[in-house]
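Below is one structure, written out as structure tokens, with a few remarks after it.
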Amino acid sequence: MMEPILRVKDIHKAFDGSGVLKGVSLDIHEGEVVVIIGPSGCGKSTLLRCINGLERVDQGEIWLRDQLISGLKDMHLVRQKIGMVFQSYDLFPHMKVMDNLLLGPMKALRKPREAVEAEAMEMLRRVGLAEKAQALPRTLSGGQKQRVALVRAMLMHPELLLLDEITAALDPEMVSEVLNVVIDLAEQGMTMAIVTHEMRFAEAVADRVLFMEQGVIAEEGAPASFFREPKTERARQFLQSFTYASTRKKAQETQAADVGLA
Amino acid sequence: MQDLGISILFKGVNFQRLLLGLWVTLRIALITIGISTALGLLFGLLMMSRSRAARGFCRVWLEIVRFMPQLVLLYLVYFGFARLFGWNLEGETSAILVFSFWGTAEMGDLFRGALTSIPRHQRESAAALGLTKAQINRYILLPQTARRLLPQAINLSTRIIKTTALVKMINVTEVLKVGQQIIGQFYREPSVAFWVYATVFLMYFLICWPISLLAGRLETRWSAG
């Protein structure tokens, strides 16, 4: 088996003395899409933030290929290889869409404008936003902003892309336009770690599902088996919370069946 | 009758005297605004410093400025310091000193407010693009801070301009003082007071109104993200 792109080894993280990550280990291989789910406060977002160096781990190691990146000083060099998109579509409000896209490649990677601009246009076109290149972010809908944020991250050609609940702040009708872009990326072979509450999306996009609970990975498996037959009781309960069983309807059905029998 | 009053305004060099007084007003205001902006940025940084002592120092300064009437401060510096320390400060210098003491603290507080109102995620998503700290400051934080700060800084400037009217109390011959001299000189014409004060009012208005319009326009143009 090939060496993993990312190797997380037994990391711990506490905020103000209360443990958020209590020993998490995880390997991500090239082209793999790992979806992390779990109740809020389970540490899934913190895990992504630690990988990107936005939070410092208290203990444990994170390796990007053969480089130890946890506790590194020059984190900005690592972040050029690990993209991240957040929940609150953080486009830079004082810059046009195109300038948002060019900033990273031109300033961090020092690429010439013309080359990046052509590529940016092409990617905007692919996510259906070519005509918004010169628009200011405040004129865009939430779904459009988040698609731009994805393009902005992709233009850095990251080795790994981290998505932290990128549809959590969106109106329901805009969720799929964003998630379709992510599924596209997965099909192009992008390596991703995704935190989400969209279970059907998780099932569709994941190669592997991690279920986190109270700072540890409580269960992990292929999406097909995980979503149909979770092994742990906690995962079962968590998945249950996404279904809405109506006891009233069930009672009516039973009644109808009874009548049918009689 | 009223024609007489208004004609006195343009009699001899009266109007030029008023304009000269206005220039003194503006000179004090402009120098004060310049000093307040430069020192205010430092003051704002100091307010966000890690040192408790520095933050406490700023806090006390800001409170003094907010609670102490400017006129009292002017008297304190112009009359008080002269007696106590034997400083013989000119009125205009005292005025610039006092107004800058005030403007620096207010400008600093505005700067701090503008900088801290930028959502944490702006910094983080810029960091996620692999930008260095310096690049994040330059391309993301500074431009957004400037946009938030500028309308408020302009409003503060108009307040500073208005407040300069107080300096006549410490014997600076600015526009209001000149006006009163003219009124005194032509006291036989009762309507002259109205016309002189109306003119001074109009002068302040014509200076502050466009500035305030500009602030309003910048605010709508740059508001929201």
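Below, chain A is the first sequence line, B the second, and so on; all start at residue 1.
Considering all non-hydrogen atoms of both residues, B:R221 and A:R138 come closest at O-NH2, 3.1 Å.
Among B:I140, B:L131, B:I136, the residue making the largest number of heavy-atom pairs under 4.5 Å with chain A is B:I140. The candidate from A:M156, A:K107, A:K81 with the greatest count of non-hydrogen atom pairs under 4.5 Å with chain B is A:K107. The residue among B:G130, B:P143, B:A126 with the most heavy atom pairs within less than 4.5 Å of chain A is B:G130. The most heavy-atom pairs under 4.5 Å with chain B, out of A:L103, A:L162, A:N52, A:L77, come from A:L103. Interface remark: of the candidates A:M75, A:Q87, A:R79, A:R79 forms the most heavy-atom pairs closer than 4.5 Å to chain B.
Taken from CD in A:Q80 to OG1 in B:T132, the straight-line distance is 9.5 Å, to the nearest 0.5 Å. Going from atom CZ of A:R152 over to atom OG of B:S125 covers 5.0 Å, rounded to the nearest 0.5 Å.
No donor-acceptor pair under 3.5 Å is formed between the side chain of B:E124 and the backbone N or O of A:L54.
A:R49 touches chain B through its side chain: at least one heavy atom from C-beta onward sits under 4.5 Å away, while N, CA, C and O do not. For A:F92, the parts sitting under 4.5 Å from any heavy atom of chain B are the backbone and the side chain alike. For A:I82, the part sitting under 4.5 Å from any heavy atom of chain B is the backbone (N, CA, C, O) and nothing else. Heavy-atom distances place the side chain of A:M95, and not its backbone, under 4.5 Å from chain B.
Within 6.0 Å of the CZ atom in A:R56, the count of heavy atoms belonging to other residues, nucleotides or ligands does not exceed 12. Within a 6.0 Å radius of CZ in B:R217, other residues, nucleotides and ligands contribute 12 heavy atoms or fewer. With a 6.0 Å radius and a threshold of 12 heavy atoms from other residues, nucleotides or ligands, A:R65 has its CZ atom above the threshold. Around CD of A:E122, the count of heavy atoms belonging to other residues, nucleotides or ligands within 6.0 Å exceeds 12. No more than 12 heavy atoms of other residues, nucleotides or ligands sit less than 6.0 Å from atom NZ of A:K96.
Contacts of residues 109-123 of chain B with chain A at a heavy-atom distance below 4.5 Å involve B:R120, B:H121, B:Q122, listed in sequence order.
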